[in-house]
Amino acid sequence: MRFSRAYIPTTKESPKDAQLPSHIYLSRAGFVAQVASGLYNFLPLGKRVLRKIENIINEEMAVCGALEVDLSFVTPAELWQESGRIEKFGKELLRFRDRKDNLFVLGPTHEEMMVSIVRNRVTSYKQLPLNVYQVKTKFRDEARPRFGLMRAREFVMKDGYSFHSSTEDLDREFDAMEAAYKRILERLGLEFRIVEADSGAIGGTGSKELMVLADSGEDTLAVCDTCEYGANVEAARRAPRTVIPEAPQADFARFKTPNIKSIEDLSNFFHVDPYYTLKAVVMRAVYTEGSEPVCFFIRGCDELQEVKARNSVGANDLVDISEAELMEIGLVPGFIGPLDQNKIRFVMDNDTRDATTMICGANEADYHFVGVDLNVMKDVVFADLVTVQAGDGCPHCGGKMEHTKGIEVGHIFKLGTVYSAPLKAEYLDENGRSQPFIMGTYGMGVSRLVAAVIEQHHDEKGCIWTHATAPYLVNVMVSNIKEETHMAYAEELYTTLQSRGIEVILDDRKERFGFKMSDAELIGFPFTVIVGKELENGLVQIMVRSSGEMITVDAANVLDKIEELRR
RNA sequence: CGGGGCGUAGCUCAGUCUGGUUAGAGUACUUGGUUUGGGACCAAGGGGCCGGAGGUUCGAGUCCUCUCGCCCCGACCA
């Protein structure tokens, strides 16, 4: 491609709406342009990157024997009513009616459609397993789209679905998909972690997220500094404590603690490590029908993890509760404890099991109990409720956990029969009995990956594309196109590179050196060959975008050098 | 959906508080000239329903009401 004939509208200034590096540079460098909130046009460069990622996905899916399909973007609402997700998705499902007044939705994901193309067609265990996928536009009418391509309403996603006749076979496929996804991200040149995730309301037995590591990531991850273990902080586990603070000496007693409400005050008041205090967090648990206040007890040194807390009571949501509501129930904020009270449903964190010499609220203003042995309580519900913190022990290897930020670019799930059962997607097993498909689902955010590459690879000058994602690997830049020998050399190099199958753009624009260099850096081609005044000495330079290095090479050896650098 | 902010040239913004000829700058664009290794310089141009509707006023980019759009924080995000 000749730059003079390309459409690459770069700008010196960033759009005022852009905040994230990926949004700023992808806009400034002319890869994408915003249309409306959460809607983007992909310009020629952006489209090239998108297709490159798509191609790599297709290649790796082919290796796994997954079959590509293309399902209708507009889907009949009946399918969604059948699965019950039309209510669940709520306003995120964009609905509309056709001329005959039939209700349709724009597909936000395609479980229903995919099940519908398989059911009644795949009818025997002999036809299983089956793995079908598509790379397709999705639409979710997000309440608040943001961060450019990272959370757009319309986006491109690879969504795959596998169908099995046994959980063992699902496990095999799940592992194969995990390996394939890993290869895809490696080929894209991204630094990532595969982490355990919360399965959420959708259930299922296994769920892993693929996280591209970047400071701007929306998800917080707890990862081990030694082994491979990592998890979304919503689902992260930790090893039992090995370092236990010295226990306070106290017999059981009711102790006056005037206006001592916070864990910090309590810890200071008694000169006791917060480990030996009991923190009470009361929230209103909202269920499909009705709601109730629930109290979660955790050690004072820990933090409540809301997703875990929500799962522990099977609630759809947890919302804050006011002090007034607490008083109504008969609880005194700041002095809530688990002993001698049946005013509220409560759940205790696993780490409080068998806890002794604890300090907890006495359910009376200005009083706490000290020297509490929690074993005195009967029929207590325990669950994992706490947030894994930096420095906690890894549950697998004893390494230290640390926090990092990640961009979720993939999510793989063992669905089981969550969809196949209600949608009556069944096959006949060896015994001639009807069974629902055992399913897995594998998603990957293709347009989000475009942004993720830049979030992880940019500097103050612009984009730094990895070799596999670059719109063109090499930019041949002619410093001054009026120099005929320079142009002639560049033209020849351009042709040669093309014939070698290297994607190349020739910057033949009638612009000055500095202008073109800035563009090259902003757009982020991995290599820019600078054809300029050094050519008189038989030399050209190669600017390596990732390092900023300027390599002077013999004009006759550019090809070899490029081949060497790209490896 | 709650809270906050912003809509003026393709883009980034001034002007709005305190109403008053023909609405500005930078950049981008067109033409000519000079330049040519880090976003050049000179000159001449084109480009605006001041987001939209209604109102107040002799007069509205500016004040009032309504509305639409976009961004940020939060809620939300199978």
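Proteins come first, then strands; the chains are lettered A, B, ... in the order of their sequence lines, and each starts at number 1.
- The gap from the C1' atom of B:C63 to that of B:G15 amounts to 16 Å, rounded to the nearest Å.
- In the region residues 437-455 of chain A, proximity to RNA chain B at under 4.0 angstrom, judged on heavy atoms, holds for none of the residues.
- Between A:Lys138 and A:Glu154 there is no salt bridge, since no side-chain N of the basic residue sits under 4.0 Å from a carboxylate O of the acidic one.
- On a pure distance criterion of 3.5 Å, no polar donor-acceptor pair joins the side chain of A:Arg509 and the base of B:G39.
- Among residues two or more places apart in sequence or in another chain, the salt bridge (Lys or Arg N to Asp or Glu O under 4.0 Å) test is passed with A:Glu82 by A:Arg119.
- A heavy-atom distance below 4.5 Å is not found between the side chains of A:Glu209 and A:Glu196.
- Between A:Pro129 and A:His164, the shortest heavy-atom distance links the atoms CB-ND1, 3.5 Å.
- Taking the charged nitrogens against the carboxylate oxygens, A:Glu325 and A:Arg284 do have a contact shorter than 4.0 Å, which makes a salt bridge.
- The distance between atom CZ of A:Phe139 and atom P of B:A78, rounded to the nearest whole Å, is 16 Å.
- Every pair passing salt bridge (charged side-chain N to carboxylate O under 4.0 Å, His left out) that includes a residue from residues 540-556 of chain A is listed here, sequence neighbours excluded: A:Asp459-A:Arg545.
- Looking at A:Arg85 and A:Trp80, their side chains come closer than 4.5 Å, going by heavy atoms from C-beta outward.
- Between A:Arg28 and A:Glu13 there is no salt bridge, since no side-chain N of the basic residue sits under 4.0 Å from a carboxylate O of the acidic one.
- Near RNA chain B, defined here as any heavy-atom distance below 4.0 Å, the residues from residues 30-40 of chain A are A:Gln34, A:Ala36, A:Ser37, listed numerically.
- A salt bridge does not link A:Lys308 with A:Asp198: none of the charged nitrogens is closer than 4.0 Å to a carboxylate oxygen.
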Please list, for nucleotides 10-16 of chain B, all pairs of protein and nucleotide N/O atoms separated by less than 3.5 Å.
from: B:U12; atom 1: OP1; to: A:Lys16; atom 2: N; distance (Å): 3.1
from: B:U12; atom 1: O4'; to: A:Glu13; atom 2: OE1; distance (Å): 3.4
from: B:U12; atom 1: O2'; to: A:Glu13; atom 2: OE2; distance (Å): 2.9

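- Taking 4.0 Å as the cut-off between side-chain N and carboxylate O, A:Asp70 and A:Lys136 count as a salt-bridged pair.
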Mind listing the N/O atom pairs, protein and nucleotides 29-36 of chain B, below 3.5 Å?
from: B:U35; atom 1: O2; to: A:Arg512; atom 2: NH1; distance (Å): 2.6
from: B:U36; atom 1: O2'; to: A:Asn480; atom 2: ND2; distance (Å): 3.2
from: B:U36; atom 1: O4; to: A:Lys482; atom 2: NZ; distance (Å): 2.6

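- At least one cation-pi condition fails for A:Arg153 and A:Phe139: the charged atom is not both under 6.0 angstrom from the six-membered ring centre and inside a 45 degree cone around its axis.
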For this session: Quick one: do A:Tyr442 and A:Glu173 satisfy side chain to side chain donor-acceptor pair (under 3.5 Å)? Show the steps, please.
Result: CA-CA 10 Å; A:Tyr442 319 95; A:Glu173 188 74 9; 5.5 Å; no

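- Taking all atoms of both residues into account, the shortest heavy-atom contact from A:Ala285 to A:Ala315 is CB-CB, 3.8 Å.
- Nucleotide B:C71 holds its C1' atom 16 Å from the CD atom of A:Glu142, rounded to whole Å.
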